[in-house]
2 protein chains.
Amino acid sequence: MNLKSQVEWALHCAAVLAGLPEGRYLSTKALAEFHGLPKEYLSKALQGLSQAKLVDTTLGPSGGYRLARPASDITFLDIVEAVEGKGRTFVCNNIRANNPCRPAGFCDDKPCGIARIMWQADEAWRRTLADAKLSDLVAGLAKDVPADIMAASRDWVLERAG
Amino acid sequence: MNLKSQVEWALHCAAVLAGLPEGRYLSTKALAEFHGLPKEYLSKALQGLSQAKLVDTTLGPSGGYRLARPASDITFLDIVEAVEGKGRTFVCNNIRANNPCRPAGFCDDKPCGIARIMWQADEAWRRTLADAKLSDLVAGLAKDVPADIMAASRDWVLERAG
DNA sequence: GTAATCAAGGATAATCTATATCCTTAAAAA
DNA sequence: TTTTTAAGGATATAGATTATCCTTGATTAC
């Protein structure tokens with residue numbers, strides 16, 4: 001049970017977009033090159049962000065993506081769900097209904113006890129991601145990443161941002 | 001990102017095994033029939049429980065599975081991990097290392113900030129499952145499932161338990 | 001106005017995982 | 001001695017993931 005790698009890509013791309021100056025855009029090409037990712041496929045992940053209205057886009061040269069909201073208004077959960085979907089990890093197939101001892105046509109009034117627990121775990125997972133803001137990530141990077149690499153990356157991005 | 005359906009099957013089977021009288025065993029065949037599942041494939045899930053030492057087995061007629069420990073000592077996490085594996089949902093491919101602005105051979109001392117958050121969410125998920133005991137599930141079933149179905153199921157199982 | 005660049009998204013293919021079935025082996029019970 | 005069982009290997013099918021390529025229409029640069 002793995003998240004798709006596009007989730008990782010989208011999170012990294014969102015972090016880069018969060019560092020863009022107001023009003024500038026960064027293209028799929030630049031984001032793919034910066035992260036060493038296949039451009040065409042990364043594009044699908046970015047389309048997911050766009051459909052979820054987490055990013056704005058423009059076309060043409062100097063076009064690309066920028067965040068649609070402040071990084072403090074975007075959570076990890078927003079990004080993960082935009083790419084991975086909103087489905088739960090546990091799918092209940094209600095196999096208790098196959099119990100041969102059941103009267104035919106018996107109908108359950110509550111979800112299965114197993115599903116309830118599994119969905120609680122899913123909720124705990126989502127809550128953690130909903131509590132993690134993109135702005136927190138960016139602040140953390142500023143501490144973790146050496147200043148020279150940080151500065152060089154900023155320059156690299158600004159050279160390519162439309 | 002879905003758990004395999006075998007996780008659901010294993011949880012339901014564990015709940016049934018928890019209802020077995022001391023020392024009795026229940027076969028794959030009976031468990032498959034009770035839940036309306038393909039016997040051969042369910043067998044793989046039960047083998048997972050066996051490898052994780054959550055259940056004991058015996059061979060021959062009247063053989064099958066029983067819990068290796070009291071249901072109060074078995075958690076949802078034990079069962080989920082036995083079938084699904086212990087891997088995390090988020091796999092970090094460390095794509096920050098592809099940053100063209102990095103000095104060659106630069107080595108990260110900390111895991112990526114993105115991975116840290118994603119792994120926190122995984123931990124919250126696991127913690128929830130670790131807090132859910134199989135005995136709690138069984139107690140819940142006794143409340144949710146109508147008494148007549150409960151009794152008929154017990155009889156059905158006892159007829160087949162070796 | 002023209003050419004280049006871009007996001008969006010459709011079509012297709014390759015690879016991996018989940019799902020499932022079948023068969024053999026060795027152990028235990030009837 | 002025969003039947004039943006778990007374990008596990010081999011194989012097959014379906015579906016999801018991971019790509020790649022191409023077209024379309026919008027936007028910018030020249």
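Here is how names work: the chains are called A, B, and so on, in the same order as the sequence lines, proteins then strands, and each is numbered from 1.
- A distance of 8.0 Å separates CG of A/Leu49 from CG of A/Leu17, quoted to the nearest 0.5 Å.
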In B/S/- notation (B base, S sugar-phosphate only, - none; protein heavy atoms under 4.0 Å), nucleotides 23-30 of chain D written 5' to 3' is --BBBB--

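- For the contact set between residues 26-43 of chain B and DNA chain D, defined by any heavy atom under 4.0 Å, the members are B/Ser27, B/Thr28.
- With rounding to whole Å, A/Arg160 atom CZ is found 16 Å from C/dT5 atom C1'.
- If B/Met1 and B/Leu46 are placed on DNA chain D by their nearest nucleotide, the residue sitting closer to the 5' end is B/Leu46.
- Taking every side-chain heavy atom of B/Gln47 into account, D/dA7 is the closest of C/dT19, D/dA7, C/dA7.
- Between A/Trp156 and A/Phe34, the two ring planes are tilted [angle within 30° to 60°].
- Taking a cutoff of 4.0 Å between a charged side-chain nitrogen and a carboxylate oxygen, B/Arg116 and A/Asp144 qualify as a salt bridge.
- B/Tyr25 places its OH atom 11 Å from the P atom of D/dA7, with the value rounded to the nearest Å.
- Between the NZ atom of A/Lys53 and the C1' atom of C/dA7 there is a distance of 14 Å, rounded to whole Å.
- Considering only the side chain of A/Lys44, C/dA11 comes nearest among D/dT17, C/dA11, D/dA7.
- For C/dA7, the OP1/OP2 oxygens have no side-chain nitrogen or oxygen of A/Gln51 closer than 4.0 Å.
- One interatomic measurement links the two molecules: CZ of A/Arg66 to P of C/dA7, which rounds to 14 Å at whole-angstrom precision.
- Nucleic acid contact for A/Gly162: none, since no nucleic acid atom lies under 4.0 Å from a heavy atom of the residue.
- To the nearest angstrom, P of D/dA6 lies 11 Å from CG of B/Leu17.
- Going from atom CD of A/Gln6 over to atom P of D/dT18 covers 7 Å, rounded to whole Å.
- Rounded to an integer number of Å, the gap from B/Asn2 CG to D/dA14 C1' is 15 Å.
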